[in-house]
Amino acid sequence: MQYWLMKSEPGVYGIDDLAAAGVDYWDGVRNYQARNMMRDQMQVGDQAFFYHSNTKQPGIVGIMSIARAGYPDQTAWDPESEYYDPRSSPDNPRWYRVDVRYERHMARTITLAELKAHADRLEGLALLRKGNRLSIMPVTPDQWAFILSLEAAG
DNA sequence: GCCAACGTTGGC
DNA sequence: GCCAACGTTGGC
């Protein structure tokens with residue numbers, strides 16, 4: 001069982017959208033590090049925090065699970081898609097996606113500010129590294145448990 | 001809206 | 001292969 005944190009802008013796709021869908025694609029990722037994690041490492045049953053980025057109160061808003069391991073992101077082949085990338089093809093896919101299942105909302109948002117306040121306890125968490133722009137990142141079991149304890153403590 | 005950080009592109 | 005220019009991310 002592995003743990004992850006996945007960012008999305010709520011104005012584009014937020015936790016409520018996933019709650020409504022139940023299971024949905026996590027597509028449009030166009031970053032090689034993030035792609036490699038989806039393609040090579042994520043497994044069905046893994047758990048992930050849903051993080052709202054680029055919003056008034058950035059933070060962790062929910063929990064989802066991986067419902068399908070990495071497979072080619074066909075939005076890259078679709079000229080109509082905003083994620084179109086002519087360098088990707090069905091024969092030689094460049095980008096990957098996973099399917100995620102809604103598990104639950106957090107009882108309250110665990111804000112970035114709160115996570116930063118515990119930076120010593122969350123050492124190594126990519127989210128807290130300066131200038132971090134990675135949209136998908138691993139979370140250690142220890143970090144996962146600690147963040148869940150924050151939810152209960154708040 | 002600003003800007004720091006950093007990934008990507010493209011000229012050489 | 002280097003690196004400057006440029007575009008994007010994302011917090012504030």
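Naming convention: chains lettered A, B, ... in sequence-line order (proteins, then strands); numbering from 1 in each chain.
At least one cation-pi condition fails for A/Arg104 and A/Tyr102: the charged atom is not both under 6.0 angstrom from the six-membered ring centre and inside a 45 degree cone around its axis. Taking the ring centre of A/Tyr96 as origin, the terminal cationic atom of A/Arg35 falls outside the region bounded by 6.0 Å and 45° from the ring axis.
Between the P atom of C/dG10 and the CD atom of A/Glu9 lies a distance of 7 Å, rounded to the nearest Å. The interatomic distance linking A/Leu127 (CG) with B/dA5 (P) rounds to 17 Å, in whole Å. B/dA5 atom P lies 17 Å from atom CG of A/Leu134, rounded to whole Å.
Residues of residues 52-62 of chain A having a heavy atom closer than 4.0 Å to DNA chain C, listed by number: A/Ser53, A/Asn54, A/Pro58.
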Listed pairs, N/O of protein and of nucleotides 6-8 of chain B, under 3.5 Å:
unit_1: B/dC6; atom_1: OP1; unit_2: A/Lys130; atom_2: O; d: 3.1
unit_1: B/dC6; atom_1: O4'; unit_2: A/Arg133; atom_2: NH1; d: 3.4
unit_1: B/dC6; atom_1: O2; unit_2: A/Arg133; atom_2: NH1; d: 2.1

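In the hydrophobic cluster analysis, where Ile, Leu, Val, Met, Phe, Trp and Tyr join through side-chain heavy atoms closer than 4.5 angstrom, A/Met1 is grouped together with A/Ile66.
Contact check, A/Tyr51 against C/dG11: a side-chain N or O comes under 4.0 Å of OP1 or OP2. Listed pair A/Lys7 / C/dG10 meets the phosphate criterion, a side-chain N or O lying under 4.0 Å from OP1 or OP2.
Considering only residues two or more places apart in sequence or on other chains, A/Asp78 meets the salt bridge (charged side-chain N to carboxylate O under 4.0 Å, His left out) condition with none of them.
Using cut-offs of 30° and 60° on the angle between ring planes, the pair A/Trp95 and A/Tyr32 is tilted.
Salt bridge annotation for A/Asp142-A/Arg121: present, with a cationic side-chain nitrogen under 4.0 angstrom from a carboxylate oxygen. In this structure, A/Asp24 does not pair ionically with A/Arg101, as no charged nitrogen and carboxylate oxygen lie closer than 4.0 Å. A salt bridge is defined here as a Lys NZ or Arg NE, NH1 or NH2 lying under 4.0 Å from an Asp or Glu carboxylate O, and A/Arg129 with A/Glu123 fails to meet this definition.
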